[in-house]
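My questions all concern the structure below.
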Amino acid sequence: MFHILEKRIAEAISARIQSLYAIEAPVQIEQPKQSSFGELALPAAFQLARQLKKAPKAIAAEIDAAGGAIEGVASMEIAGNGYLNVRLDRGAYGAGVVANAGAVSREVATKIIVEHTNINPNKAAHIGHLRNAVLGDTFVRMLRATGENVEVQNYIDNTGVQVADVVVGFQHLERKSIEEVRSMIHDPAARFDYVCWDVYARMSQYYDEHKDALEWRHATLHSIEAGHGIEAEMAHLVADAIVDAHIATMWRLNIAYDVLPRESEILHLQFWATAFEQLKQRKAIYFEIEGKNKGCWVMPGSAFREGSIEGDDDSKVIVRSNGTVTYVGKDIAYQLWKFGLLGKDFYYRKWHTYPNGHDVWASTDEPQTGAPQFGKGTRVYNVIDTRQSYLQDVVVAGLRALDYNTQADNSIHFNYEMVALSPRTCIEMGIELTEEDKRLPYVQVAGRKGIGVKADDLLDKLIEKALEEVTSRHKEEPEESRRRAATQIAIGALRYFMLKFTRNSVIAFDFAEALSFEGETGPYVQYSAVRARNILRKLAERGETLPDFQAWLQIPTPIGVAPKGTGEGAYPAPYPTDYPAPYPPAYPEAYNIMGRQLAHEDCWQLLLSASKAGSAIERAIASGEPAHLARYAFQLAQSYSNFYHEFPVLSETDLEKKAFLLWMTKYFIEQLEKTLSVLGIEVPEYM
RNA sequence: GCGCUCGUAGCUCAGUCUGGAUAGAGCGCUUCCCUCCGAAGGAAGAGGUCCCGCGUUCGAAUCGCGGCGAGCGCACCA
């Protein structure tokens with residue numbers, strides 16, 4: 001509804017400017033600084049002031065005087081130094097919202113790929129990984145909410161150094177046999193991902209003290225690459241088990257995947273060999289015959305770095321002098337596959353079925369039947385830490401060098417800053433800090449040192465605290481039900497916490513802050529939905545039913561776009577004049593009632609805010625900031641709090657008013673729940 | 001050294017892309033509000049050199065240049 005008005009007003013004002021000054025200008029629409037200024041602000045006069053050499057205020061006055069009424073607009077006024085502030089016609093707007101005007105659905109044929117999570121399968125997930133997964137998952141939900149077809153990929157580096165190091169740790173430090181590792185995996189109490197966390201940290205420390213131990217790593221990597229030997233077997237065992245652990249952890253947060261492309265198949269199916277041929281043929285890379293990169297295939301720095309001169313100083317090695325490919329090389333091949341440009345595909349096997357019936361598939365090198373089609377996207381978002389910007393630039397440069405410019409343009413590094421730990425939280429966790437560290441704003445997470453907060457631990461802690469809070473308020477409810485509510489609250493708190501910061505802000509993770517359920521938090525937003533639902537529940541308990549407000553307003557069903565303009569049809573003018581309209585409304589009864597009820601500021605602000613859910617999602621996609629949608633949810637909840645305190649709905653004696661307040665409550669719930677579901681947050685039954 | 005990002009209230013952050021109205025929110029602090037649709041809430045208040053300087057502009061937190069301070073990158077690791 002809101003975007004219809006925006007468009008209509010922009011067009012009308014644009015036409016006025018055209019006829020007044022013969023200037024073709026796109027009209028910008030802003031939100032006024034204060035709600036008392038109206039609903040829309042047009043800074044058009046400022047832009048024209050320069051061209052016309054006239055005071056903005058005078059121009060605004062001319063534009064204001066230039067035309068007749070705009071449908072849906074109650075008044076316009078000149079404010080500040082030349083703003084045109086627009087007040088909407090509340091009756092018309094309200095009637096339009098009830099009639100569900102402007103609802104659109106669309107079908108798309110193209111596919112968007114979002115790659116996120118991508119955790120090394122060698123230890124438990126930590127809070128840094130959570131930021132990645134929550135950002136990625138929320139962005140996926142945002143895209144899907146607007147009708148996009150989205151495929152979620154989680155890349156598994158199951159053959160890399162990090163997995164190898166855990167294998168080395170099990171063999172040489174822990175002296176564990178394959179059978180012992182297997183039995184740990186099968187014993188849920190052993191918490192295999194936690195075991196690996198410690199083994200990895202210990203092994204990293206051991207390398208620091210015994211450089212010759214690196215031989216073990218090399219031997220293990222060699223075995224993994226060759227695909228046989230006890231090391232390779234254990235590597236697969238470890239990686240597969242940890243992938244399962246990550247899937248389980250993320251599922252706790254309502255995060256699921258469609259496909260797991262694995263590095264092992266990229267190797268075995270020779271993805272790189274195919275990409276290598278393409279890169280050589282197109283001369284995107286060349287064989288270096290001198291300098292420090294002698295004997296390597298390199299991509300010149302000029303390909304991916306602005307202002308770089310040809311020379312080997314900042315060129316990037318793609319194939320090492322020993323003939324093995326670097327990570328970036330493999331990533332170029334993978335990116336080509338995502339766009340369907342490699343001319344090769346994986347085979348797939350079903351990896352896991354989620355409790356809701358959704359399947360996640362994994363790549364395999366053996367032919368299988370019955371798998372869906374993956375890859376072949378038209379746009380690709382890679383949710384990756386901003387520290388890898390340089391490498392992502394190289395990947396995109398690879399596409400460009402192969403003349404895949406459209407795909408290069410559609411390769412988006414959805415970057416974000418890291419999650420660190422606040423010094424206070426480090427101390428709480430028993431991590432030793434120097435005096436210098438204590439004065440820093442944050443301390444970096446380091447998997448090699450075992451410094452970090454495990455995702456499952458954090459979630460458990462949140463659930464425990466939420467359960468205390470829930471129990472203190474609902475002793476009468478059964479344990480299972482309280483635990484369910486506590487879990488939903490914990491997830492709401494965690495997801496909101498990860499989303500409230502914009503992407504390029506470093507999060508200094510702090511337990512006290514993350515465990516807070518007050519103020520700008522997920523639980524605050526959930527609470528407003530719970531309170532609204534309570535009203536409807538109490539209504540039913542009293543034996544009353546929710547009035548059919550649409551029928552009350554004499555708006556015909558089925559829901560459709562309101563007829564514009566003349567109000568022809570079943571509701572002839574003249575309409576009652578207690579809420580005068582500047583033009584004949586589509587639904588006179590609705591127009592009157594809504595106009596009357598929405599005269600209350602808190603009602604109007606809530607309706608307006610709630611009606612913007614759709615455009616909030618679109619704006620957040622446009623800006624690439626899930627944080628903006630989180631903020632919208634919070635503001636909508638705040639708006640409801642004002643409404644809630646102002647209007648005791650159930651005790652209202654005026655029937656029209658009560659019907660309106662109940663409808664308002666229901667509409668708010670619908671819009672907030674829609675927004676929360678895009679944020680991946682559920683609303684508990686009670687809290 | 002080069003590149004990227006950041007510097008806004010005591011703290012944590014929005015706002016900067018696209019310049020415009022008295023610079024916002026949450027936390028913390030000070031005072032209030034439960035005969036209840038559960039206060040995980042609400043009302044009110046104190047709190048700002050938008051890092052500094054110069055420039056562009058009718059107008060700069062926002063754009064440009066130069067400083068200062070902080071972080072992150074710049075492997076034949078991933």
Side-chain angles (χ1 to χ4, degrees), chain A residues 28 30 32-34 37 41 43 45-47 49-50 55-56 79-83 85 118 120 157 160-162 263 288 292-298 301 305-308 313-314 316-328 330-331 385-391 393 415 417-418 420 422 440-442 444 466 469-470 472-474 489 493 500-502 504-508 510 512-513 516-521 523-524 526-528 530-539 542 623 625 627-628 631 634-635 637-638 641-642 644-652 661 665 686-687:
Chain A
Q28 284 182 40
E30 299 172 357
K33 224 157 187 59
Q34 292 174 29
F37 291 162
F46 294 114
Q47 268 97 42
R50 191 157 305 170
N81 285 324
Y83 270 106
N85 287 340
N118 300 7
N120 268 304
D157 181 7
V161 174
Q162 293 212 19
E263 177 126 317
E288 184 61 79
K292 61 173 184 178
N293 293 332
K294 186 177 176 184
C296 300
W297 286 88
V298 302
R305 211 175 236 177
E306 226 171 301
S308 171
D313 256 20
D314 50 5
K316 179 74 197 165
V317 171
I318 306 296
V319 179
R320 303 184 188 102
S321 54
N322 68 3
T324 57
V325 59
T326 60
Y327 160 74
V328 190
K330 281 180 278 193
D331 224 24
D385 190 330
T386 197
R387 286 177 289 191
Q388 297 203 37
S389 295
Y390 162 72
L391 295 169
D393 288 347
N415 61 339
E417 267 292 354
M418 62 182 164
S422 75
L440 291 175
Y442 52 79
Q444 281 201 43
E469 299 278 345
V470 170
S472 73
R473 293 167 175 81
H474 299 277
I489 292 163
K500 72 192 281 193
F501 304 94
T502 49
N504 68 2
S505 163
V506 176
I507 298 180
D510 187 86
E513 218 180 301
S516 162
F517 297 157
E518 287 164 23
E520 196 192 339
T521 64
Y524 173 96
Q526 289 172 313
Y527 187 59
S528 73
V530 168
R531 294 210 287 192
R533 277 187 182 172
N534 278 347
I535 293 175
L536 300 187
R537 209 192 56 232
K538 288 261 158 131
L539 184 80
R542 291 174 174 208
S623 62
E625 284 290 2
H628 292 167
R631 185 161 286 263
F634 175 65
Q635 283 165 349
Q638 273 186 320
S641 288
N642 292 330
Y644 183 87
H645 282 274
E646 181 74 16
F647 302 101
V649 178
L650 294 178
S651 55
E652 178 57 54
L661 293 174
T665 301
Y686 54 87
M687 61 189 286

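The shown structure was predicted, so the numbers you read here are calculated from the model rather than taken from an experiment.
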Taking the C1' atom of each, how far is B:rU49 from B:rA61, in whole Å?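 That atom pair is separated by 12 Å.
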Mind checking what makes side-chain contact (heavy atoms from CB on, under 4.5 Å) contact with A:Y527, not counting sequence neighbours?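 Here the qualifying residues are A:R531, A:M687.
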Could you tell me how far B:rA43 sits from B:rC13 if I compare only their P atoms? Round to whole Å. 25 Å
Can you tell me how far P of B:rG15 sits from NE2 of A:H628, to the nearest Å?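 Distance, rounded to whole Å: 4 Å.
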Under 4.0 Å, counting only non-hydrogen atoms across every strand here, what does A:Y390 touch: a base, just sugar-phosphate, or nothing? sugar-phosphate
Among B:rC37, B:rC76, B:rA40, which nucleotide has an atom closest to any side-chain atom of A:M687?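 For A:M687, the side-chain atoms sit closest to B:rA40.
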Distance, rounded to the nearest Å, where A:D393 contributes CG and B:rC4 contributes C1':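 For the pair A:D393 CG and B:rC4 C1', the rounded distance is 10 Å.
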Working to the nearest 0.5 Å, report the span between CD of A:E417 and CZ of A:F501.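 Rounded to the nearest 0.5 Å, the CD-CZ separation comes to 13.0 Å.
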On RNA chain B, does the nearest nucleotide to A:P648 precede the nearest nucleotide to A:Y442 from the 5' side, or the other way round? Give the residue. A:P648
Residue pair A:K316 / A:Y390, side-chain heavy-atom distance below 4.5 Å: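 Yes, their side chains come closer than 4.5 Å.
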To the side chain of A:L650, which of B:rG20, B:rG41, B:rC37 is closest? B:rC37
Using whole Å, report how far OH of A:Y524 lies from P of B:rG38. 17 Å
For B:rG24, the Watson-Crick or wobble counterpart (both distances under 3.5 Å): B:rC13
A:E625 CD - B:rG15 C1' separation (whole Å): 12 Å
Taking any heavy-atom pair under 4.0 Å as a contact, classify A:L536: base, sugar-phosphate, or nothing. nothing
When rounded to the nearest Å, what value does the distance between C1' atoms of B:rU62 and B:rC2 take?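 These two C1' atoms come out 27 Å apart once rounded.
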Are A:L391 and A:Y327 side-chain neighbours, meaning at least one heavy-atom pair lies under 4.5 Å? yes
If you measure from the C1' atom in B:rC54 to the same atom in B:rU5, how many Å do you get, rounded?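 It works out to 24 Å between them.
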Pairwise C1' distance, B:rU18 and B:rC63 [rounded to whole Å]: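 So the two C1' atoms sit 11 Å from each other.
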Rounded to whole Å, please give me the gap between CZ in A:R473 and P in B:rC34. 19 Å
Among B:rA21, B:rC13, B:rG41, the one nearest A:F37 by side-chain distance: B:rA21
Is the distance between the ring centroids of A:Y524 and A:F517 under 6.0 Å? no
Taking only the side-chain heavy atoms of A:I489 (C-beta and beyond), determine which of B:rG73, B:rC37, B:rA40 contains the nearest atom.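 So the side chain of A:I489 is nearest to B:rA40.
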Rounded to whole angstrom units, what separation is found between the CZ atom of A:F501 and the C1' atom of B:rU12?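 Spelled out: CZ on A:F501 to C1' on B:rU12 is 6 Å.
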Interatomic distance at P, B:rG71 relative to B:rG24, whole Å: 32 Å
Among B:rC76, B:rA78, B:rC37, which nucleotide has an atom closest to any side-chain atom of A:C296? B:rC76
So what does A:A532 hit on the nucleic acid, given a heavy-atom distance under 4.0 Å: a base, only sugar-phosphate, or nothing? nothing
Quick one: the side chain of A:N85 and the base of B:rA21, do they pair up donor-acceptor inside 3.5 Å? yes
Taking pairing as Watson-Crick or G-U wobble with both contacts under 3.5 Å, can you name the mate of B:rA43, or confirm there isn't one? B:rU31
Do the side chain of A:S505 and the base of B:rC13 come within less than 3.5 angstrom through a donor-acceptor pair of N or O atoms? no
Closer than 4.0 Å, any side-chain N/O of A:Y527 to the OP1 or OP2 of B:rA40?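 For B:rA40, OP1 or OP2 has a side-chain N or O of A:Y527 closer than 4.0 Å.
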Minimum heavy-atom distance A:A637-A:S528, with the two atoms named: CB-OG, 3.3 Å
Does B:rC76 have OP1 or OP2 sitting under 4.0 Å from an N or O in the side chain of A:N293? yes
Nucleotide paired to B:rC36 in any strand shown, Watson-Crick or G-U, under 3.5 Å: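 Looking at the geometry, B:rC36 pairs with no nucleotide.
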Separation of A:K538 NZ from A:I535 CD1 (nearest 0.5 Å):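 Rounded to the nearest 0.5 Å, the CD1-NZ separation comes to 10.0 Å.
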5′-ward residue of the pair A:Q388/A:F517 relative to RNA chain B: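 Checking each residue's closest nucleotide, the 5'-ward one belongs to A:F517.
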Donor-acceptor pair, distance only, cut-off 3.5 Å: does the side chain of A:D385 make one with the backbone of A:Q388?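 A pair under 3.5 Å: no.
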How does each nucleotide of nucleotides 24-31 of chain B score, in 5' to 3' order, for protein heavy atoms under 4.0 Å: base (B), sugar-phosphate only (S), or none (-)? -SSS----
Would you please say whether a donor-acceptor pair under 3.5 Å links the side chains of A:Y644 and A:T665?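 No donor-acceptor contact under 3.5 Å links the two side chains.
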Kindly indicate whether the side chain of A:E30, heavy atoms from C-beta on, has any atom under 4.5 Å from the side chain of A:P43. yes
Residue pair A:R631 / A:E625, side-chain heavy-atom distance below 4.5 Å: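 They are not in contact (no side-chain heavy atoms under 4.5 Å apart), so the answer is no.
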Could you state the CD-P distance from A:Q47 to B:rG20, rounded to the nearest angstrom?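 Taking atom P of B:rG20 as the reference, CD of A:Q47 is at 10 Å.
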Of the listed nucleotides B:rC37, B:rG42, B:rG73, the one nearest the side chain of A:Y644: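 My answer, after comparing the listed nucleotides, is B:rC37.
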B:rG48 versus B:rC11 - spacing of their C1' atoms, nearest Å: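 After rounding to an integer number of Å, I get 14 Å for this pair.
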Pairwise distance CG(A:N534) to CG(A:L650) - rounded to 0.5 angstrom: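 One finds 10.0 Å between CG of A:N534 and CG of A:L650.
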Determine the Euclidean distance between corresponding C1' atoms of B:rG19 and B:rC36; express it in Å to zero decimal places. 49 Å
Here the distance between atom C1' of B:rG20 and atom CG of A:N81, to the nearest Å, is 7 Å
Base, sugar-phosphate alone, or nothing: which one does A:V506 contact when heavy atoms must sit under 4.0 Å apart? sugar-phosphate
Based on the glycosidic angle (syn within 90° of 0, else anti), state the conformation of B:rC34.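 Nucleotide B:rC34 adopts syn.
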Counting side-chain heavy atoms from CB outward, which of B:rA75, B:rG15, B:rG41 is closest to A:K316? B:rA75
Regarding A:P32, tell me which of base, sugar-phosphate or nothing describes its non-hydrogen contacts under 4.0 Å with the strands shown.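 Base: the residue A:P32, judged by heavy atoms under 4.0 Å, touches a nucleobase.
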Is the shortest side-chain N/O distance from A:N642 to OP1 or OP2 of B:rG42 below 4.0 Å?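 No, no such contact exists.
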For a quick check, tell me whether the side chain of A:H474 and the base of B:rG38 share a donor-acceptor pair closer than 3.5 Å.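 Counting by modelled atom types and ignoring angles, a donor-acceptor contact under 3.5 Å is found here.
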Across all strands shown, which nucleotide pairs with B:rU49 by Watson-Crick or G-U wobble geometry, both distances under 3.5 Å? none
Phosphate-side-chain proximity, A:Q444 and B:rG71, N/O vs OP1/OP2 below 4.0 Å: no
A:S321 side-chain proximity, nearest of B:rG41, B:rG38, B:rC76: B:rC76
Checking all strands, does A:V649 fall into the base, sugar-phosphate, or nothing category for heavy-atom contacts under 4.0 angstrom?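 If one applies the 4.0 Å heavy-atom cut-off, A:V649 turns out to touch a base.
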Given B:rU5, B:rA40, B:rU12, which nucleotide is nearest the side-chain atoms of A:E513?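 Closest nucleotide among those given: B:rU12.
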Indicate, with a heavy-atom threshold strictly under 4.0 Å, whether A:R537 touches base, sugar-phosphate, or nothing.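 Answer is nothing: A:R537 stays at 4.0 Å or more from every strand.
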Considering only B:rA40, B:rA39, B:rA14, which nucleotide approaches the side chain of A:E469 most closely? B:rA40
Applying the 3.5 Å cut-off to both distances, the Watson-Crick or G-U partner of B:rC72 turns out to be B:rG3
